[in-house]
Amino acid sequence: MTTRAEYCVIACAEAWRGDGEVLASPMGLIPSFGARLAKRTFSPDLLLTDGEAMLVGLDGTVEGWLPYRRHLAMVTGGRRHVMMGASQIDRYGNQNISCIGDWERPSRQLLGVRGAPVNTLNNPVSYWVPRHSPRVFVERVDMVSGVGYDRAEAAGPSASRFHRLPRVVSDLGVFDFAGPGHAMRLASVHPGVTVEEVRAATGFELSIGEEVPFTREPTDEELRLIREVIDPKGLREREVRG
C-alpha cells in the first residue's frame, strides 16, 4: 500500500518532469527524494548537487565542481529549478521565510529572505509544505521573500519575464497557479484526502474545479526505488505521517 509520504515524493518528483538539463535544487527531505527519483526515472538529464560546492551522481559520487559563481550563473540563466519551503504562502505564490508578524516587531524571526527573491525572478521555483494549515496558506504573507505572480506582474517585464512557479506540494495535495489571475488552484488531492479537508486547511479561497483528481499512483518500479534505494531507512514517514 502506498503511503501518504510516498505520494508526496511522487508529487515532488513530478515538478522536474520535462525540465531537461537543469540543476535540481531541492530543499528538504521529501523534495530531495523526489529529485533523485525523477533523475532515476523520467528526468535523467537533471543535475544534482551536494548542496555545497559539488555536482554529484545518484550515489553521491562527485561528478564536478560547482563554485558559487557558477551556481549564480545557473540561477540568473534560468538553468535551475528550486523547490523551497514556505513558512507562509498566499494565493498568488508570495512566500515568506523571513519573519512572522509585523516587520517592526515580529513575533518570530525565521531564516531571512535568503535567495528567494533572486530565485523566483530568474528560474522556476516550486514549494514544499509538509504541514498544510491556515497558518501556512495565508490570505497575505507577513513579508514577501519569494515573489508571487501578482507582485511580479505589477513590477513589470523585468520581474515577470522569467518568473514561473510550477507547483506547490503539501501533505494534502498538489497545487498550481492556473486559477483566475494566476491564483492558486487545487490540482490534485493525495488519496485519502478530501477536497473539503484541503479547503478547511487553507486560509484563503482556493480555485477548485468541478472534479479534482487524485495524485497519480507510483509505478511498481518507483515504489521499489523509493523503498529500497532512495530511502531504505524510511525517513520519509517521519516527515509526512499518513
Side-chain angles (χ1 to χ4, degrees), residues 4-5 8 11-12 15 25-32 34 51 75 80-155 159-160 163-177 179 181-187 189-190 193 196-208 235-236 238-241:
R4 180 78 60 82
C8 290
C12 287
S25 293
M27 300 179 185
L29 190 68
I30 297 291
S32 69
V75 172
R80 182 172 179 247
H81 183 167
V82 186
M83 181 170 280
M84 301 179 66
S87 300
Q88 293 179 327
I89 190 167
D90 69 21
R91 74 179 70 214
Y92 296 110
N94 295 290
Q95 168 245 33
N96 176 24
I97 52 172
S98 184
C99 65
I100 302 297
D102 185 76
W103 168 255
E104 298 293 333
R105 194 176 181 85
S107 59
R108 290 184 63 194
Q109 177 65 52
L110 306 174
L111 291 173
V113 297
R114 310 286 291 201
V118 174
N119 287 341
T120 48
L121 297 186
N122 287 281
N123 52 239
V125 175
S126 294
Y127 292 107
W128 160 243
V129 178
R131 298 286 184 272
H132 192 128
S133 78
R135 296 176 62 182
V136 179
F137 287 75
V138 296
E139 184 67 41
R140 182 182 177 86
V141 298
D142 292 336
M143 179 179 175
V144 176
S145 302
V147 179
Y149 277 101
D150 58 340
R151 289 178 176 269
E153 291 173 2
S160 62
H163 178 269
R164 186 165 72 90
L165 308 177
R167 66 173 43 196
V168 178
V169 179
S170 81
D171 61 328
L172 298 184
V174 180
F175 309 82
D176 59 25
F177 293 91
H182 286 298
M184 191 182 294
R185 182 190 70 155
L186 178 58
V189 292
H190 303 322
V193 177
E196 288 308 314
E197 285 179 289
V198 177
R199 199 194 306 269
T202 305
F204 54 84
E205 187 175 348
L206 276 168
S207 178
I208 300 176
L235 299 177
R236 61 194 179 279
R238 300 181 188 179
E239 184 165 18
V240 178
R241 301 188 184 280

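Computed over heavy atoms, backbone and side chain alike; hydrogens, waters and symmetry mates excluded.
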query: Does any pair with a residue in residues 97-130 pass ring pair (Phe, Tyr, Trp, His ring centres under 6.0 Å), and if so which ones, sequence neighbours excluded?
result: none
- prompt: Partners of P166 by side chain to side chain contact (heavy atoms under 4.5 Å, CB included), sequence neighbours excluded?
  reply: H81, P124, S126, R164
- line: With sequence neighbours left out, the residues meeting side chain to side chain donor-acceptor pair (under 3.5 Å) with N94 are D90, D150
task: Please check if the side chain of R4 supplies one atom and the backbone of D171 the other of a donor-acceptor pair under 3.5 Å.
output: yes
- request: Calculate, to the nearest 0.5 Å, the distance between atoms CZ and SG belonging to R236 and C12 respectively.
  value: 13.5 Å
query: Taking only residues two or more places apart in sequence, or in another chain, which ones meet H132 in a side chain to side chain donor-acceptor pair (under 3.5 Å)?
result: S170, T202
query: Among all residues two or more places apart in sequence or in another chain, which pass the side chain to side chain contact (heavy atoms under 4.5 Å, CB included) test with S207?
result: P180, R185
Please output the side-chain donor-acceptor pairs of residues 106-116 that fall under 3.5 Å, not counting sequence neighbours, one pair per line with the distance.
from	atom 1	to	atom 2	distance (Å)
S107	OG	I100	O	3.1
Q109	NE2	S98	O	3.1

CD-CD1 distance between E196 and I208, expressed to the nearest 0.5 angstrom: 7.5 Å
- request: Output yes when a side-chain donor or acceptor of T120 lies under 3.5 Å from a complementary backbone atom of G146, and no otherwise.
  value: no
field: Non-hydrogen atoms of M184 and V168 that approach each other most closely
entry: CE-CG2, 4.3 Å
task: Return the set of residues passing ring-ring contact (aromatic ring centres under 6.0 Å, His included) with F177 (not counting sequence neighbours), or none when no residue passes.
output: Y149
message: Can you give me the closest heavy-atom contact between V136 and A86, atom names plus distance?
response: CG1-O, 3.6 Å
- request: Would you sort out whether L206 and F137 count as a side-chain contact (heavy atoms from CB on, under 4.5 Å), showing the intermediate values?
  value: CA-CA 10 Å; L206 276 168; F137 287 75; 5.8 Å; no
task: Looking only at non-hydrogen atoms, find the nearest pair between G85 and I97 and report the distance.
output: O-CG2, 3.8 Å
task: Check side chain to side chain donor-acceptor pair (under 3.5 Å) between E197 and all other residues, then give those that pass, not counting sequence neighbours.
output: T194
- prompt: Taking only residues two or more places apart in sequence or in another chain, which ones pass salt bridge (charged side-chain N to carboxylate O under 4.0 Å, His left out) with E104?
  reply: none
field: Separation of M27 CE from M83 CE (nearest 0.5 Å)
entry: 11.0 Å
task: Would you please test R238 and L29 for side-chain contact (heavy atoms from CB on, under 4.5 Å) and show each step?
output: CA-CA 10 Å; R238 300 181 188 179; L29 190 68; over 6 Å; no
- prompt: Can you name the side chain to side chain donor-acceptor pair (under 3.5 Å) partners of N122, sequence neighbours left out?
  reply: none
Step-by-step side-chain contact (heavy atoms from CB on, under 4.5 Å) determination, H163 to L121: CA-CA 5 Å; H163 178 269; L121 297 186; 4.3 Å; yes
- prompt: Which residue pairs pass the salt bridge (Lys or Arg N to Asp or Glu O under 4.0 Å) test when at least one of the two sits in residues 120-149, sequence neighbours left out?
  reply: R91-E139
- prompt: Sequence neighbours excluded, which residues qualify as side chain to side chain contact (heavy atoms under 4.5 Å, CB included) partners of N123?
  reply: V75, R80, V82, N119, V125
